[in-house]
Amino acid sequence: MQVTSLGGLEVSRIGLGAMGMSAYYTGAGRDEAESIRTIHRALDLGVTHLDTAEVYGPYVNEELVGRAIKGRRDDVVLATKFGLVSHTGRPGPDSTPATIRAAVDGSLRRLGTDHIDLYYQHRVDRGTPIEETVGALSQLVAAGKVRHIGLSEASAATIRRAHAVHPVAAVQTEYSLWTRDPEAEVLPTVRELGIGFVPYSPLGHGFLTGDIRSLDDLDAADWRRTNPRFTGDNLTRNLRIVDEVRDVADEAGATPAQIALAWLLAQGEGIAPIPGTRRVHRLEENCAVDGIRLTAGQIARLNDLTPASGARHSKPDMAVIDG
């Protein structure tokens, strides 16, 4: 597995997002043995970058990851997030110093480790200045509880303010063939500042695999049923994107998921997507992209895909994204 640098932190170019092992997606979360097998297989394949968060479950996903990496901690660059679970009773995102102190100790305990390699603010807390939040995080770095800090779904302006207080190693934001928003401001900013970029949902919440053709393919409790891009006429229009990706995949002798990931890797160094899965065969499919090289013509064709129809999240979820 090739590696890249997230602000000086070396990780595998393909990581593993653990969220879907415990929450949100169809059939998620309750086959712990299968999920642990997948994490172990990831480590065997050279995946070093594991991503979780206290809110996934909440808490149970960190506990799962902690059990999976027991005895293999040194093989892992461990990333988790705080800020969507309040430890002070405040509603909404909470990144006050008191919540951060409580959150990190809980995450360390659940993960079974004495340090977190990459600790993200999950969503920007508009009620707490970013300088105050990053100041509290820098104290965790000084105490040895955290090695590097990150931001998730932060605007370019917030990234600059945070980085001026303490170096930010990585910014995590949704980025894929159907979510190109970071290209306008966030990607240029992190490249200018030497910050790594971690695309989450690099397969468009599973849509870019080509396996979802209607809502009937999703469990009744699957959150994607409320996502604007999966509903009504938007889903039908977005199938055209998937069909184009499949055409490129057929030409390249790959799967649509591999093409979507290969396109991300072709965007340059310092980009490390974290596709999520709890199944070994999907993990192996994703990791095989490390050997796929798209032609200039294929990249140009993918660059010219029609933008996705519909907002990328529901209104309540978009309300907590730093614009």
_Ignoring hydrogens, what is the shortest heavy-atom contact between Ser314 and Thr226? Give both atom names and the distance._
CB-O, 4.3 Å

_Do Thr88 and Asp94 pair up side chain to side chain, a donor and an acceptor below 3.5 Å, judged on atom types alone?_
yes

*asked:* Under a 3.5 Å cutoff, is there a donor and acceptor pairing between the side chains of Arg90 and Thr128?
replied: yes

*Does the distance from a Lys or Arg side-chain N to an Asp or Glu carboxylate O, for Glu185 and Arg160, drop under 4.0 Å?*
no

_So, applying side-chain hydrogen bond (donor to acceptor under 3.5 Å, both in side chains) with Ser107, which one of Glu62, Lys81, Glu54 is it?_
Glu62

_Contact list for residues 193-204, test salt bridge (Lys or Arg N to Asp or Glu O under 4.0 Å), sequence neighbours left out_ = none

*Is there a donor-acceptor pair under 3.5 Å between the side chain of Glu244 and the backbone N or O of Arg240?*
no

_Are more than 12 heavy atoms, taken from residues, nucleotides or ligands other than Arg147, located less than 6.0 Å from that residue's CZ atom?_
no

*Parallel, tilted or perpendicular: which describes the rings of Phe197 and Tyr175, with under 30° parallel and over 60° perpendicular?*
perpendicular

*Between Asp31 and Arg279, is there a salt bridge with N-O shorter than 4.0 Å?*
no

*asked:* Holding to ring-ring contact (aromatic ring centres under 6.0 Å, His included), I want the full list of residues that pass it with His166, two or more places apart in sequence or in another chain.
replied: none

*Tell me, with the steps shown, if Thr179 and Arg312 meet side-chain hydrogen bond (donor to acceptor under 3.5 Å, both in side chains).*
CA-CA 7 Å; Thr179 299; Arg312 64 187 178 97; 5.5 Å; no

*Do Arg73 and Asp117 sit within salt-bridge range, that is, some charged N less than 4.0 Å from a carboxylate O?*
yes

_Glu34 atom CD, neighbour heavy-atom count above 12 within 6.0 Å_ = yes

